[in-house]
Amino acid sequence: MNAQSGSDILSSLDAEQLEAATTLKGPVRIIAGPGSGKTRTVSHRIAHGIATGHFNPQKVLALTYTNRAAAELRQRLRSLGAATVQVRTFHAAALSQLQYFWPQLTGSTAPKLLTSKRAILKEAVGQKVKLTEAQLSELSSEFEYLRYSLSDLPAYFLSGRLPRFADEEKFSQWFDYFQALKKERRLIDWEDALLLCTGMLRNEPRAMSHFEQQYRHFTVDEYQDISPLQQGLLETWLGDREEVCVVGDPRQNIYSFAGSSTDFLLGFDSRYPNSSSFELTTNYRSAGDIVEAANGLFPDQPIVAAKKVSGLISQQTLPTAAEEARVVAEAIAKAAGSSKLSRIAVLARINSQLEAVESELRSLGVETQVRGQGRFFRQPNVMQALSAIRALALSELTQPLFVEISNILSSLGWSSRGEGPSWAELNWFIEVMDELGDPSLEELIRELDERERSGHEPQREAVTLATIHATKGLEWERVFLIGVNDGLYPISHAKTKEQLEEEKRLFYVAITRAETYLDISSTGKVPSPFIEHLHHSRKD
């Protein structure tokens, strides 16, 4: 690339974005408000660094929180002529390094990745104890919290998080047995991948030296949601180098219940006294009054609306959840006449709130897609395809990978002509391969595993139904925010100041997903106290 293309890369940035994108010497912190163009800024910063010779594209590693964010950043970089930059989630990067170094260091293959904990969890709990699917899911989340937060069992018990269906002795037994079963079967879960990668690099100078030569410049997205476990790995990757750019927004930290901490983002300048900090405050996503409503929640950290036009915020209270579901479904059916279904979303605090809306929409013949529950990956044809593709790793390939994958999919009813009831689900595997370019089998399996972990399902032309936790990085033209009642916003079990602050941030994330229309509804007599903040912001 020549110098002219370097300036062309920057021509579409606003003044705040430009300042951040042209500061190429690390450490750099970018506080990016919702809809402020953080992916644009980060991608242009990397592309500008490459165009001006500051970065070698082969030595840049961009880390994201979700697979979807990685795909978006990869696409942006490709359009800016920086297609060779490595963009991965922490999990995929750690797993890739483990699989690369393990055989060299041990003479044996790396342990197999456990993509779902459910079966081994059931075994660890034992046949005498019958836990529901919801309880197993909660237990899995608590085990993950322990690992991501780098907590030990005594500290965990002091935190008061213990599930209601377990005492300290039972929980300890289940946790220890779960860990032992994995070890015995040479299985690792995603948290093990992060821990083992960290340990391997810290204890094996050969592996660390290879990694240090491979990557020199680091970019970390969604840094407000990083956990102590991921931070430990990042610090290991960096060593004594400071060429790191972190991007995040403390107002959008919504995963502290899962072990993440904003301390790393907010304390960045303390850890790196010579760092540069920038703030992106212009929101390009939402209409003026939606931005104004969001500012009512965090008046000390306002964002500025680029779209001065007002959208339409409506707020109504309905007698029951059933009535709310009916009214929302009818409004969506009506809106579907002028909006694509994929531009409409119904957001809720918990999954069970979505069931009545899904049922009402189905009765009106409106297509829906539930995000964040992994339904796509539990469809029989998808499970069969995943299983068969993973099995390819156990033998030598006799044909090119694309042919092998096509044969697997064809045996399940896929054809290149696009026929059959489950064609779209199976064709997704072809789309993933196209997106990756010309992947090796190992790369493809890693990508599929990672998509399953982060719930990165294909987007259909349908109304999205999701909990707010499943919507990070997403946006819709019209958002219906349902059940905005006290007890849900904030959730009833949020008691401490920290927990209540997180609930407010969650509400902030929900509001700022909307571009033009925001329809807020509550049921019964006690609406959420957060609604008051919105009213105040609109009265000013």
At what distance, to the nearest 0.5 angstrom, does CD1 of Ile31 lie from CG of Leu265?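 With rounding to 0.5 Å, CD1 (Ile31) is 4.0 Å from CG (Leu265).
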CD1 on Ile188 to CG on Leu98, rounded to 0.5 Å: 5.5 Å
Spell out, as yes or no, whether a donor-acceptor pair under 3.5 Å connects the side chain of [X] to the backbone of [Y].
X      : Y      : value
His469 : Ile254 : yes
Gln230 : Ser227 : yes
Arg505 : Asn253 : yes
Glu502 : Ser256 : yes
Lys495 : Ser492 : yes
Ser209 : Arg206 : no
Thr41  : Gln17  : no
Thr89  : Ala92  : yes

Minimum heavy-atom separation for [X] to [Y], with atom names?
X      : Y      : answer
Ala71  : Glu435 : CB-OE2, 3.5 Å
Lys130 : Gln135 : O-OE1, 4.2 Å
Ile9   : Ala47  : CD1-O, 3.7 Å

Please work out whether the ring planes of [X] and [Y] are parallel, tilted or perpendicular, with thresholds of 30° and 60°.
X      : Y      : answer
Tyr100 : His210 : tilted
Phe55  : His217 : tilted
Tyr145 : Tyr156 : tilted
Phe171 : Phe157 : perpendicular
Trp237 : Phe90  : parallel

Compare all side-chain heavy atoms of [X] with those of [Y] and state whether any distance is below 4.5 angstrom.
X      : Y      : answer
Gln97  : Phe211 : yes
Arg147 : Asp192 : yes
Trp476 : Leu347 : yes
Thr219 : Leu63  : no
Phe264 : Arg271 : yes
Val246 : Val28  : no
Leu506 : Arg349 : yes
Arg241 : Phe218 : yes

Flag this pair as yes if the NZ/CZ of Arg29 is under 6.0 angstrom from the six-membered ring centre of Phe278 and inside a 45 degree cone about the axis; otherwise no.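 Arg29 over Phe278 ring: no.
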Less than 6.0 angstrom from the centroid, inside 45 degrees of the normal: does Lys170 satisfy that with respect to the ring of Phe175?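 No - Lys170 does not lie over the ring of Phe175 by the 6.0 Å and 45° rule.
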So, do Phe376 and Trp428 have ring centers that fall under 6.0 Å from each other? yes
If you count heavy atoms of other groups shown closer than 6.0 angstrom to CZ of Arg161, is the number above 12? yes
